[in-house]
Amino acid sequence: MLVAARRAKLEALRRELSMEPYGRRVDGLMTLADARAKFREEAHAAHEKDPSSDSRESAKVAGRVMQHRDLGKLVFLWLRDSSGDLQVSVSKSQVAPPVWELAKRLDYGDWVVAEGPVGRTQKGEVCIWARSVEIHAKSLSPPPEKFHGLHDPELRYRRRYVDMYANPETVRTFSLRSRIVSSVRRFMERSGFMEVETPMMQPVAGGAAARPFVTHHNALGIPLFLRVAPELYLKRLLVGGLPRVFEINRNFRNEGVDRSHNPEFTMMEAYEAFGDCWSMLELTESLVHELAREIAEAGASAGTSAGALGSAGAGANSGAGSKSTHLPFGELSIDYSRPFRRVRYGELFEQCFGFPMEDAAKVRAEAQRRHVPDAARKDHWLLVDHLFEEHAEKFVDKAKPTFITDYPAAISPLTRPNPASPHLAERWDLFIGGMEIGPAYTELNDPDVQLAKFTEQLAGIDDEAKTFRTVDEDFLEALRVGMPPAGGLGLGIDRLVMLLANQPSIRDVILFPLMRPQ
RNA sequence: GAUUGCGUAGCUCAGUCGGCAGAGCAGCGGACUUUUAAUCCGCAGGUCCUGGGUUCGAUUCCCAGCGCAAUCACCA
């Protein structure tokens with residue numbers, strides 16, 4: 001019925017005012033922030049003193065009506081665009097009659113173009129004193145509450161387009177995400193990596209143990225999987241001779257949804273020929289540190305998160321000394337200064353349980369004491385991993401980015417073992433704020449070892465997993481052609497944005513998170 | 001998938017120990033040439049998530065379902 005009222009207005013605009021409520025191209029627009037910046041107190045004062053002369057600068061702007069106050073012969077409109085808010089004041093005595101009629105009838109949510117000199121009101125509010133006002137899109141949908149905005153998370157995700165205009169911090173978060181992705185890209189390019197795009201629809205889903213989404217290609221009559229990782233294709237590129245490659249794109253995993261998991265999510269994977277997990281550690285540490293510094297500095301210099309956006313990209317390469325690299329994340333203040341903490345898997349394990357992870361008898365006893373299912377029969381290293389993830393991971397200081405290194409080789413089947421201690425793998429995992437941000441590996445490049453590990457892995461899976469987990473023969477063939485030794489990295493971009501933008505849920509950093517259809 | 005919580009007007013939220021459903025904002029009509037969540041007068045607005053049960057009577061209690069959230073499980 002609010003919709004009916006708006007439809008009636010729409011028709012009235014056409015019928016009574018001969019105005020078309022859905023407009024066309026408009027040239028010469030400036031942002032509301034730029035229009036506001038055109039205000040000069042001297043020009044305003046001079047015009048107040050002598051209305052016949054006017055040195056105020058004129059501005060033409062477009063925005064969505066956020067407030068509409070009708071005082072009789074004076075109408076105040078608040079417009080919003082992506083740069084901010086600005087008031088447009090419409091005086092009956094200063095505009096043509098149809099413009100005045102329109103101004104009185106505008107609704108919260110309408111898109112409007114206004115033009116006039118930039119001045120201010122008696123109360124000091126900088127505004128455009130309208131000479132003209134045009135409607136360019138009528139909003140037929142009832143708007144959210146103007147003061148509280150849209151709070152209900154379900155509505156915010158389902159109607160993101162409303163969330164975005166009602167809650168400006170939403171737009172700020174996604175602008176920040178865009179900047180972060182852009183910075184990651186520039187950092188990788190500067191470091192000599194080439195960006196590539198590899199298949200998202202794969203005949204064999206490889207590169208991670210996740211359950212894939214299945215689809216079907218009609219013309220070829222074959223099943224296809226949405227990729228769970230780009231890994232096996234990026235490695236083919238190393239075989240082909242590219243020395244450093246990265247890809248920032250979506251992966252799809254057919255698994256649960258929670259605060260840090262969305263079925264489709266963005267990851268950066270990078271591979272460096274003749275590198276190893278330690279060269280990737282250097283790279284990751286300086287990337288994450290630089291991102292955090294950029295954001296901390298932008299925030300500090302602007303004072304507000306809104307300002308941080310305004311100065312986008314500004315302080316990136318300032319090379320400034322020991323500026324604060326703390327960023328808030330919920331209750332935490334995370335310290336991104338270098339170097340990040342490094343702790344060996346085994347050390348953390350021993351610190352937590354009081355005995356080394358190699359002590360098979362104690363591990364089994366501990367597992368039984370803590371009621372790990374199947375503790376009597378399970379493989380030693382699976383028990384270690386279970387205990388570690390349940391208890392030891394919590395020993396990591398959430399406020400300090402931490403690389404956990406030297407994972408047991410037995411739970412890292414596709415990673416090259418450490419030559420000095422073969423029961424350890426050349427692999428690390430970065431944890432920040434209690435979240436796993438990404439792993440890195442020294443990659444296997446011996447095709448025979450790779451095949452053996454694939455086969456071994458496939459032996460242990462259940463029937464359901466067999467439907468989608470098969471050996472990628474073409475990948476093995478590529479390894480036989482010869483892949484240089486390499487370091488590989490996977491970085492969860494959504495989670496990184498959560499941390500840097502201080503958003504507790506992955507749904508707040510994905511524009512359209514998956515929701516059950518209604 | 002499990003457990004717990006929530007679901008009331010377009011929005012933000014009250015409320016009913018089981019007895020005719022409430023406010024603010026938004027909307028509609030009116031007043032107002034300097035508002036800042038404008039103000040003032042008046043009006044209208046509901047499948048109390050859905051279905052079943054108990055009851056003289058259910059938005060309220062019970063059961064089931066749906067949606068969302070949190071926690072857990074799954075997630076090299």
Side-chain angles (χ1 to χ4, degrees), chain A residues 1-9 48 65-78 85 87-94 100 104-105 107-109 119-127 129 139-159 162-163 166-167 206-212 228-229 231 251-263 265 373 381-382 385 388-390 407-415 425 427 429 436 438-441 453 457 460-461 464-465 469 488 490 492 504-505 507 513 515-518:
Chain A
M1 149 195 0
L2 281 77
V3 176
R6 286 177 173 232
R7 283 205 172 270
K9 282 192 191 180
E48 288 286 289
V65 176
M66 295 304 291
Q67 304 253 356
H68 181 255
R69 295 194 195 105
D70 180 350
L71 272 67
K73 297 193 178 64
L74 193 62
V75 169
F76 295 114
L77 302 170
W78 269 101
D85 293 353
Q87 182 173 298
V88 171
S89 306
V90 188
S91 165
K92 187 180 184 186
S93 61
Q94 287 170 33
W100 175 247
K104 286 189 87 84
R105 297 182 193 196
D107 284 317
Y108 179 20
R120 64 168 171 80
T121 65
Q122 287 173 12
K123 295 283 171 64
E125 187 70 43
V126 172
C127 67
W129 282 102
S139 178
L140 295 175
S141 176
E145 212 264 0
K146 71 179 177 189
F147 183 64
H148 296 94
L150 198 61
H151 263 203
D152 181 351
E154 181 173 356
L155 284 177
R156 291 186 51 224
Y157 303 142
R158 287 191 194 277
R159 309 192 69 210
V162 176
D163 176 37
N167 302 312
R211 183 177 304 146
V228 294
E231 170 163 345
N251 294 310
F252 309 86
R253 297 188 179 178
N254 206 340
E255 279 147 12
V257 176
D258 64 30
R259 226 163 29 143
S260 56
H261 296 264
N262 194 61
F265 64 101
W381 289 109
L382 288 180
D385 193 38
F388 185 87
E389 291 201 353
E390 268 318 76
Y407 275 67
I411 56 168
S412 314
L414 301 188
T415 310
R427 162 191 173 190
D429 229 317
E436 182 190 357
Y441 306 90
K453 299 229 171 187
Q457 225 190 1
I461 64 176
E464 198 239 338
R469 221 162 280 170
S505 168
R507 294 183 195 97
M515 302 290 276
R516 211 178 284 268
Q518 282 188 314

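Chain A is the first sequence line, chain B the second, and so forth, proteins listed ahead of strands; every chain is numbered from 1.
Counting any heavy atom pair closer than 4.0 Å across all strands shown, A:Gly206 reaches no nucleic acid atom. At a threshold of 4.0 angstrom between heavy atoms, the contacts of A:Tyr157 are confined to the sugar-phosphate backbone, with no base atom among them. Residue A:Trp129 is in base contact, counting any heavy-atom pair closer than 4.0 Å across all strands shown.
Counting only heavy atoms from C-beta on, A:Glu145 has its side chain closest to B:rG24 among B:rG24, B:rA37, B:rC28. With B:rC68, B:rU34, B:rA76 as the candidates, the nucleotide lying closest to the side chain of A:Thr121 is B:rU34. Taking the side chain of A:Ser93 as heavy atoms from C-beta on, and the options B:rU33, B:rC32, B:rC11, the nearest nucleotide is B:rU33.
Residues meeting the salt bridge (charged side-chain N to carboxylate O under 4.0 Å, His left out) test with A:Lys73, sequence neighbours left out: none. Taking A:His148 as the reference, A:Glu145 meet the side-chain hydrogen bond (donor to acceptor under 3.5 Å, both in side chains) condition, with sequence neighbours excluded.
Base pairing analysis places B:rU71 opposite B:rA2; the two distances defining the Watson-Crick or G-U wobble pair are each below 3.5 Å.
Between the P atoms of B:rA26 and B:rG65, the separation comes to 41 Å (whole Å).
To the nearest angstrom, P of B:rG1 lies 15 Å from CG of A:Asp258.
A donor-acceptor contact under 3.5 Å is not formed by the side chain of A:His148 with the base of B:rC11.
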